[in-house]
J.: 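Let me give you the structure first, and then I'll get to my questions.
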Amino acid sequence: MEMTVKDRLYLPALLPDKGTYKEFNIKKGILQKIALSDAEREQIGLHRVEETGRIEWDTQKETPLAEFSHEELELLKNSCERLSDQTLPDDMWGTVERIFDACQEL
């Protein structure tokens with residue numbers, strides 16, 4: 001599953017805020033994988049535009065992530081299934097679709 005910077009910024013909001021100890025550890029591993037290092041932030045020019053409050057970066061310089069374990073994908077899928085009746089921005093639903101697509105390949 002290729003995860004863009006936008007996906008990586010959305011993902012923490014998609015994950016459950018509570019669960020079992022095993023789910024906590026899987027979630028912690030996911031969050032460590034998707035974290036944007038200071039070097040990566042600088043490389044892509046990630047910054048907040050004060051006037052609009054938007055976060056912007058150079059999408060041409062980003063490198064998508066693609067490494068998730070079976071357990072991590074399962075937690076991501078289950079998290080997204082719980083959101084199915086909620087209202088989310090369209091581009092966030094795009095992230096959810098990519099997660100479901102990756103889970104179909106399991």
Side-chain angles (χ1 to χ4, degrees):
M1 169 184 174
E2 285 201 353
M3 184 160 286
T4 65
V5 170
K6 183 185 282 190
D7 295 331
R8 292 163 64 190
L9 293 172
Y10 280 148
L11 198 57
L14 299 176
L15 292 170
D17 58 353
K18 60 183 176 181
T20 65
Y21 184 68
K22 181 179 179 179
E23 290 169 334
F24 166 77
N25 282 314
I26 294 169
K27 181 173 78 169
K28 187 168 63 169
I30 292 170
L31 293 173
Q32 287 172 346
K33 283 183 181 181
I34 65 169
L36 293 164
S37 68
D38 290 339
E40 186 177 11
R41 288 171 187 259
E42 187 175 323
Q43 175 190 348
I44 63 173
L46 185 75
H47 64 282
R48 181 183 198 101
V49 178
E50 293 301 322
E51 298 82 38
T52 62
R54 294 177 49 104
I55 298 174
E56 295 181 353
W57 63 94
D58 185 345
T59 58
Q60 300 299 315
K61 294 182 179 179
E62 69 180 89
T63 304
L65 294 179
E67 302 274 335
F68 288 100
S69 71
H70 178 75
E71 284 184 323
E72 290 169 338
L73 284 173
E74 279 295 317
L75 180 69
L76 290 169
K77 177 184 168 199
N78 292 338
S79 298
C80 291
E81 286 174 346
R82 290 184 200 129
L83 299 172
S84 63
D85 292 333
Q86 292 188 18
T87 303
L88 298 174
D90 287 346
D91 54 348
M92 192 178 271
W93 284 119
T95 299
V96 170
E97 283 183 335
R98 279 190 288 291
I99 291 168
F100 280 128
D101 290 346
C103 290
Q104 296 299 323
E105 299 170 6
L106 295 179

J.: May I have the step-by-step check of side chain to side chain contact (heavy atoms under 4.5 Å, CB included) for His47 and Val49, ending in yes or no?
T.: CA-CA 6 Å; His47 64 282; Val49 178; 4.0 Å; yes
J.: About how many Å separate CD1 of Ile99 and CD of Gln104, when rounded to the nearest 0.5 Å?
T.: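 Going from the CD atom of Gln104 to the CD1 atom of Ile99 covers 12.5 Å.
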J.: Do Val5 and Leu65 share a hydrophobic cluster, counting only Ile, Leu, Val, Met, Phe, Trp and Tyr and linking them when any side-chain heavy atoms are less than 4.5 Å apart?
T.: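 Not linked; separate clusters.
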J.: Which pair of non-hydrogen atoms, one from Glu23 and one from Thr20, has the smallest distance, and what is that distance?
T.: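 Smallest heavy-atom distance, with atoms named: OE1-N, 2.8 Å.
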J.: Please identify each residue that fulfils salt bridge (Lys or Arg N to Asp or Glu O under 4.0 Å) with Glu97, with sequence neighbours left out.
T.: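 Salt bridge (Lys or Arg N to Asp or Glu O under 4.0 Å) check on Glu97 returns nothing, list empty.
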J.: Taking only residues at least two apart or on different chains, which pairs with a member in residues 7-22 satisfy salt bridge (charged side-chain N to carboxylate O under 4.0 Å, His left out)?
T.: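 Passing the test, one end in residues 7-22: Asp7-Arg98, Arg8-Glu40, Lys22-Glu71.
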J.: If you round to the nearest 0.5 Å, how far is OH of Tyr10 from CH2 of Trp93?
T.: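 So the gap between those two atoms works out to 12.5 Å.
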J.: Applying salt bridge (Lys or Arg N to Asp or Glu O under 4.0 Å), can you list everything that pairs with Asp38, at least two apart in sequence or on another chain?
T.: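 With neighbours one apart ignored, the set is empty.
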J.: Taking only residues at least two apart or on different chains, which pairs with a member in residues 51-65 satisfy side-chain hydrogen bond (donor to acceptor under 3.5 Å, both in side chains)?
T.: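 For residues 51-65: Trp57-Glu62.
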J.: With clusters defined by side-chain heavy atoms of hydrophobic residues (ILVMFWY) lying less than 4.5 Å apart, directly or transitively, does Leu46 cluster with Met3?
T.: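 No, Met3 does not connect to Leu46 through the hydrophobic network.
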J.: Using residues 24-34 as the side-chain source, report each donor-acceptor pair under 3.5 Å to any protein atom, sequence neighbours left out, with the distance given to one decimal.
T.:
residue : atom : partner : partner atom : Å
Asn25   : ND2  : Tyr21   : O            : 3.3
Lys27   : NZ   : Pro16   : O            : 2.8
Lys33   : NZ   : Glu67   : O            : 3.3
Lys33   : NZ   : Glu72   : OE1          : 2.6
Lys33   : NZ   : Glu72   : OE2          : 3.3

J.: Do any side-chain atoms of residues 76-88 form donor-acceptor pairs under 3.5 angstrom with protein atoms, and if so which ones, sequence neighbours left out?
T.:
residue : atom : partner : partner atom : Å
Asn78   : ND2  : Glu74   : O            : 3.3
Ser79   : OG   : Leu75   : O            : 2.8
Ser84   : OG   : Glu81   : O            : 3.1

